[in-house]
Amino acid sequence: MEYNSIAIGRAALRLAITESREAEQELRKQLHEQGIRSVAVDFGGQFVPSIPKIIEHAVVAAQRQRVVADNHIGEGAVIGATQEALEQLKRKAIGLNVGGKIGVARYREHLSVAIYAGVGILHLNEIAVAIAHRSLPAHEEESKHEE
């Protein structure tokens with residue numbers, strides 16, 4: 001079966017909204033059986049100071065779980081999609097605390113990053129969802145250049 005960018009975005013969002021590590025692992029297994037590589041990672045803290053760590057966690061998790069190759073192509077795609085998703089959250093989150101989960105899903109050249117987060121102070125939380133897509137070579141490992 002072939003999946004388009006919308007389907008991969010949906011997979012990333014489904015990962016981001018899983019309620020437990022067990023549910024996340026079960027979904028990752030189902031996605032893997034469909035040929036979709038995926039990973040999810042939790043995050044939290046003050047929004048602006050947390051941005052570099054959120055991006056770093058998304059990249060490291062995606063590389064460790066082989067969602068993308070450990071090179072500048074895979075890294076750049078995850079960074080770009082994560083930054084775009086964070087940009088979508090910025091209006092609600094600046095100056096506040098955030099906490100939630102990032103879902104990353106990949107099928108061939110389609111990579112999506114979805115963020116599901118609570119935004120607020122103490123128990124006064126708003127919910128925010130953001131999603132972004134990047135394209136990269138279906139097998140970016142083959143595009144690795146010696147530097």
Side-chain angles (χ1 to χ4, degrees), residues 1-94 97-119 125-147:
M1 180 167 204
E2 290 290 314
Y3 298 102
N4 61 18
S5 59
I6 293 171
I8 301 312
R10 187 176 295 118
L13 184 56
R14 287 173 53 204
L15 268 171
I17 64 173
T18 54
E19 293 185 37
S20 67
R21 193 61 67 195
E22 295 78 23
E24 174 191 312
Q25 294 303 323
E26 179 60 33
L27 179 56
R28 286 188 64 217
K29 181 180 174 187
Q30 292 170 10
L31 293 171
H32 180 73
E33 290 168 358
Q34 298 169 23
I36 299 170
R37 292 179 276 170
S38 63
V39 69
V41 62
D42 297 321
F43 68 92
Q46 288 186 308
F47 181 69
V48 174
S50 295
I51 289 173
K53 281 292 182 195
I54 291 169
I55 294 168
E56 180 182 329
H57 290 323
V59 170
V60 169
Q63 289 176 333
R64 282 189 181 160
Q65 295 300 313
R66 301 185 198 282
V67 175
V68 297
D70 187 2
N71 62 29
H72 68 282
I73 297 169
E75 185 175 307
V78 176
I79 289 170
T82 305
Q83 285 179 321
E84 172 58 29
L86 289 168
E87 187 68 30
Q88 294 170 26
L89 297 180
K90 196 183 288 186
R91 189 178 60 80
K92 278 187 176 181
I94 283 188
N97 293 319
V98 295
K101 190 181 289 190
I102 303 165
V104 182
R106 162 102 184 264
Y107 179 77
R108 296 188 181 160
E109 71 272 8
H110 300 293
L111 175 86
S112 286
V113 173
I115 300 175
Y116 182 75
V119 179
N125 284 327
E126 182 62 62
I127 301 301
V129 177
I131 191 163
H133 172 269
R134 289 293 182 271
S135 294
L136 67 167
H139 303 286
E140 83 273 13
E141 305 85 14
E142 298 168 4
S143 300
K144 193 172 189 177
H145 300 291
E146 295 299 318
E147 296 183 24

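Residue K92 holds its NZ atom at 8.5 Å from CD1 of I127, rounded to the nearest 0.5 Å. Taken from CD in E56 to NZ in K53, the straight-line distance is 4.0 Å, to the nearest 0.5 Å. Between atom CD1 of residue I51 and atom CD1 of residue I94 there is a gap of 7.0 Å, rounded to the nearest 0.5 Å. Distance check: L86 CG to F43 CZ gives 7.5 Å after rounding to the nearest 0.5 Å. Atom CD1 of I102 is separated from atom NE2 of H57 by 8.0 Å, given to the nearest 0.5 angstrom. To the nearest 0.5 Å, atom CZ of residue R134 and atom CD of residue Q83 are 8.5 Å apart.
Nearest approach of S112 to S5, heavy atoms of both residues: OG-O, 4.0 Å. Counting all heavy atoms, side chain and backbone alike, T18 lies closest to L15 at OG1-O, 2.8 Å. In terms of heavy-atom proximity, A58 sits nearest to T82 at CB-OG1, 3.7 Å. For the pair P137 and I73, the tightest heavy-atom approach, listed with the atom from each and the gap, is CD-CG2, 3.9 Å. Counting all heavy atoms, side chain and backbone alike, N97 lies closest to Q46 at OD1-CG, 3.2 Å. Heavy-atom minimum distance, A62 versus V104: CB-CG1, 4.4 Å.
With Q65 as the partner, the side-chain hydrogen bond (donor to acceptor under 3.5 Å, both in side chains) test is satisfied by one option alone out of R37, R28, R106: R28. With R21 as the partner, the side-chain hydrogen bond (donor to acceptor under 3.5 Å, both in side chains) test is satisfied by one option alone out of E19, Q25, E24: E24. Checked options V59, V39, I36, V78; the residue passing with V67 is V39 (criterion: side chain to side chain contact (heavy atoms under 4.5 Å, CB included)). Checked against Y3 for a side chain to side chain contact (heavy atoms under 4.5 Å, CB included), the options H110, R10, Q34 give a single hit: Q34.
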### Message
Using side-chain contact (heavy atoms from CB on, under 4.5 Å), reason through D42 and K101 one step at a time and then give a plain yes or no.
### Response
CA-CA 4 Å; D42 297 321; K101 190 181 289 190; 3.2 Å; yes
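The pair E26-K29 does not meet the salt-bridge criterion, since no charged nitrogen lies less than 4.0 angstrom from a carboxylate oxygen.
Q63 places a side-chain heavy atom less than 4.5 Å from the side chain of V68. Within the 4.5 Å cutoff, the side chain of L89 has heavy atoms near those of the I115 side chain. In this structure, N4 and Y107 have side chains that are not in contact, with every pair of non-hydrogen atoms separated by 4.5 Å or more.
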